[in-house]
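Quick note on labels: first sequence line is chain A, next is B, and so on, each numbered from 1.
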Amino acid sequence: MKYILAVLVENRPGVLTHISGLISRRAFNIESIAAGPTEEVDTTRITIGVEVEDEFELEQVVNQLSKLVNVIKIANITYVDSIQRELALIKVRANKANRSDLVDVVEIFRAKIVDVNRETLVVELSGEESKIDALCEVLTDFGILEIVRTGRIAISRGPVPAKDM
Amino acid sequence: MKMLGAEVVIECLKAEEVDIVFGYPGGAVLTLYDALFKTDFPHILTRHEQGAVHAADGYARATGKTGVCFATSGPGGTNLVTGIATAYMDSIPLVAITGQVGVSLIGKDSFQEADICGITTPITKHNYLVKKIQDLPGVMKEAFYIARTGRPGPVLIDISKDVFNDTLDFVYPETVCLRGYRSLFAGDSNQIDLVIESLEKAEKPVIFVGGGVNISGTSEEMRKVINLTGIPVIASLMGLGCIPSDAPEHLGMVGMHGTYAANMATMDCDLLMGIGVRFDDRVTSLVQNFAPKATIIHFDIDPAEVNKNVRADLKVIGDLRWSLPLLCEKIAERSLTKKQWAKAEWVDLVQEWKREKPLASSLPAGGIRPQTVIEKVSELTQGEAIIVTDVGQHQMWTAQSYNFNTQRSFLTSGGLGTMGYGLPAAIGAQITLPEKDVVLFTGDGSIMMNCQELATLADNGLPVKIIVMNNQVLGMVNQWQRMFYGKRYSHSSTKGCTDFVKLAEAMGVAGLRVTKSEELNIVLEKALKMEGPVLVDVLLPETEDVLPMVAPGGRLDQMVLRGIIG
Ligand SMILES: Cc1ncc(C[n+]2csc(CCOP(=O)(O)OP(=O)(O)O)c2C)c(N)n1
């Protein structure tokens, strides 16, 4: 089962290393991890997607992470009504012959072309992971040169922020 | 007042009421050592940094205070690693202060540079790299706070050489502000009501006492619970001493080398109440088969311990200094008789197990039984000594045969199982408790791992009594080879030219030897009476096994009880 955790941490050197190190050391499986600053200058928010066997294992992940001194708060937002997004940049082969097909595909996905040259173009898409997966699959036929994805971030709907959950 | 960074460190130690540090100097900490000299701050020079950290650990275990050690950068720091990991596994409050190269040299593979924060991340509760003197007082304050509150553990502070030489107007902060750190004390008292209900319903309850009781110093409350209810008790290695070994309710140690009664009670009980235990795999063997009929109750300060190895039906999260007194109170309120708490049939049954299968030895008559050595020391010290061990068969025999009476009287590396722990830990304990008898049981393998500390012992005139249980093999390894590897004794013999008596004497420690069983009592009595440190080399047969034994992966009620003589 996949879970999403919103982890608020003190913005100190090495925190991300501590977190990822702890998770892998304890043999839990990180699916994705994305970190960035928040509305508070000294707080970083890390969104972690973990794949675990059951709720007991999730409880372990949360409890072990909570032990890190710089971790302020962990909210399990798996079952909270939330918006989830990931950003991807995909570099695809493009020649005269197939370029217009490509543009069609990009439009259907409401993605954006952000760079074009003779042989390639770069597509930008933000959305749920599954949508990005789907685009990647279609683009495979054109020939994908490289993909970069940020990993999932998530925020709950409604007025309650993760720090108050 | 303007102060050097090095002086700041010492002022902070004073503010934290640290009365002694253990350490070893070097380039990156020379300014710190200069400040020690100028302030005449108590410091013990060990002969190896591993000795310093284990000594600080022994000091902490024996007193409940926070142990402190110093080391220089690079190799000094890496020499601390085993000791830090040892303290981490057994939740010992410790602050390790290491020097680091100058700020401009950090990250460049400079001379004697090691990323000690990176190296110790998985084995510390927290660690710091201090590059600015302004951060120093705050970091010191936080480090001590983190080390001793909540579930205690080691904290490392790596301080750049520049910081020791820099100056600052020193003010020690009075409070710490750690947004994410919860040093939980009190928990949910409703959970304790539920515990009481379960206890009342139980037909076959058992209380399982662990190291948390020793660490939190709550053995008195623990004894009270047992006195009030008469419920049979089992202990982990780390929990020994909390309940007197000879208390009638005490069934002994549980697990791989647990007693027959303790292991059978675990398999048969319908309620198992773990107090400050972490359900180590040396205790549970295969988790699926552990206490299969029991409702499991778990008292612990660390929420991450609950449901980690064994799933608990009821959990009481909080400091035992909060939960155990409350438990006592609520038990007393019920005014039930002992018979109502612990049914007579159950108590009779466990007592029957205890009588029926006492600890056994596999040795033919004649040679010195290792258990006899420990029993004799137990008798001579009336269970009042601080007992320290290394790791191996002698450790298990000590756990099984010494008659412990008081909490914090058994210092042993339980979680990591560190050979070489014993001698330095005994030094740390003896320094802080000069009136106590401190006895180290060690093996011929283990003593060699930090034998350089014999010099520290002698130079400080510490009267530690060292008993080398000399079977001339790495006994525990030998036993596994005998039992599970077709008696192929690959590299487990230590028979050679080393003369432990001479080794001791060379370093200034008196040496005695016992070769025949008739000499044993006289020599042990003499050693314990002598002033100053003594090493007694006791020659034992090679083939004595630690028994009972549950084979790895076996069930606790499938014990090898008697010896298979090799
Ligand atoms: C540092 C370290 N290395 C290796 C081991 C593995 N080990 C566990 S017990 C043991 C043998 C100990 O021999 P000795 O100290 O002579 O004690 P005995 O078992 O004979 O009582 C060894 C090698 C260990 N626990 N620690």
Anything in residues 139-156 of chain B with a heavy-atom distance to chain A below 4.5 Å? Please list those residues in order.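 Those residues of residues 139-156 of chain B which have a heavy atom under 4.5 Å from chain A are B/Glu142, B/Ile146, B/Arg151.
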Could you pull out the closest heavy-atom pair between B/Lys125 and A/Val69, with the gap in Å?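 The answer is O-CG2, 4.1 Å.
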Can you name the closest pair of heavy atoms from B/Ala304 and A/Gln60 and give their distance?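 Scanning both residues, the minimum pair turns out to be O-NE2, 2.8 Å.
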Does one side chain, of B/Arg179 or A/Thr43, offer a donor that lies under 3.5 Å from an acceptor on the other?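 B/Arg179 vs A/Thr43: donor-acceptor pair found between side chains.
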I'd like to know whether B/Lys308 forms a side chain to side chain contact (heavy atoms under 4.5 Å, CB included) with A/Asn63, so could you lay out the CA-CA distance, the side-chain angles of the two residues, the decisive distance to 0.1 Å, and finally the verdict. CA-CA 10 Å; B/Lys308 185 172 83 179; A/Asn63 285 341; over 6 Å; no
Side chain proximity check, A/Ser66 to B/Arg182, heavy atoms < 4.5 angstrom: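 A side-chain contact exists here, since the closest heavy-atom pair is under 4.5 Å.
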If you count heavy-atom pairs under 4.5 Å between each of B/Val306, B/Thr121, B/Leu129 and chain A, which one has the most?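 So the answer, after comparing B/Val306, B/Thr121, B/Leu129, is B/Thr121.
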Rounded to the nearest 0.5 Å, how far does CG of A/Leu68 lie from NE2 of B/His126?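 Between atom NE2 of B/His126 and atom CG of A/Leu68 there are 9.0 Å.
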Pull out the residues in residues 71-90 of chain A that come under 4.5 Å of chain B, heavy atom to heavy atom, sorted by number.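 Those residues of residues 71-90 of chain A which have a heavy atom under 4.5 Å from chain B are A/Val71, A/Ile72.
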Which residues, numbered in order, of residues 6-39 of chain A come under 4.5 angstrom of chain B by heavy-atom distance?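 Contacts with chain B: A/Glu10, A/Arg12, A/His18, A/Arg25, A/Arg26.
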Do B/Arg311 and A/Glu57 meet the salt-bridge criterion of a basic N to acidic O distance under 4.0 Å?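 Here A/Glu57 does not pair with B/Arg311 in a salt bridge, since their nearest N and O are not under 4.0 Å apart.
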Atom NZ of residue position A/Lys91 - does it have more than 12 heavy atoms of other residues, nucleotides or ligands inside 6.0 Å?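 No - once you tally the heavy atoms of other residues, nucleotides and ligands closer than 6.0 Å, there are 12 at most.
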Please list, chain by chain and in numerical order, all residues satisfying salt bridge (charged side-chain N to carboxylate O under 4.0 Å, His left out) with A/Glu107, sequence neighbours excluded.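 Scan of A/Glu107 (salt bridge (charged side-chain N to carboxylate O under 4.0 Å, His left out), adjacent residues dropped) gives none.
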More than 12 foreign heavy atoms under 6.0 Å from CG of B/Asp109: is that the case here?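 It does not: B/Asp109 CG has 12 such atoms or fewer within range.
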Taking atom CD1 of A/Ile147 as the centre, report whether more than 12 heavy atoms of other residues, nucleotides or ligands fall under 6.0 Å from it.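 Atom CD1 in A/Ile147 is packed in, count exceeds 12.
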To the nearest 0.5 Å, tell me how far B/Glu305 CD sits from A/Gln64 CD.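 Here the interatomic distance stands at 7.0 Å.
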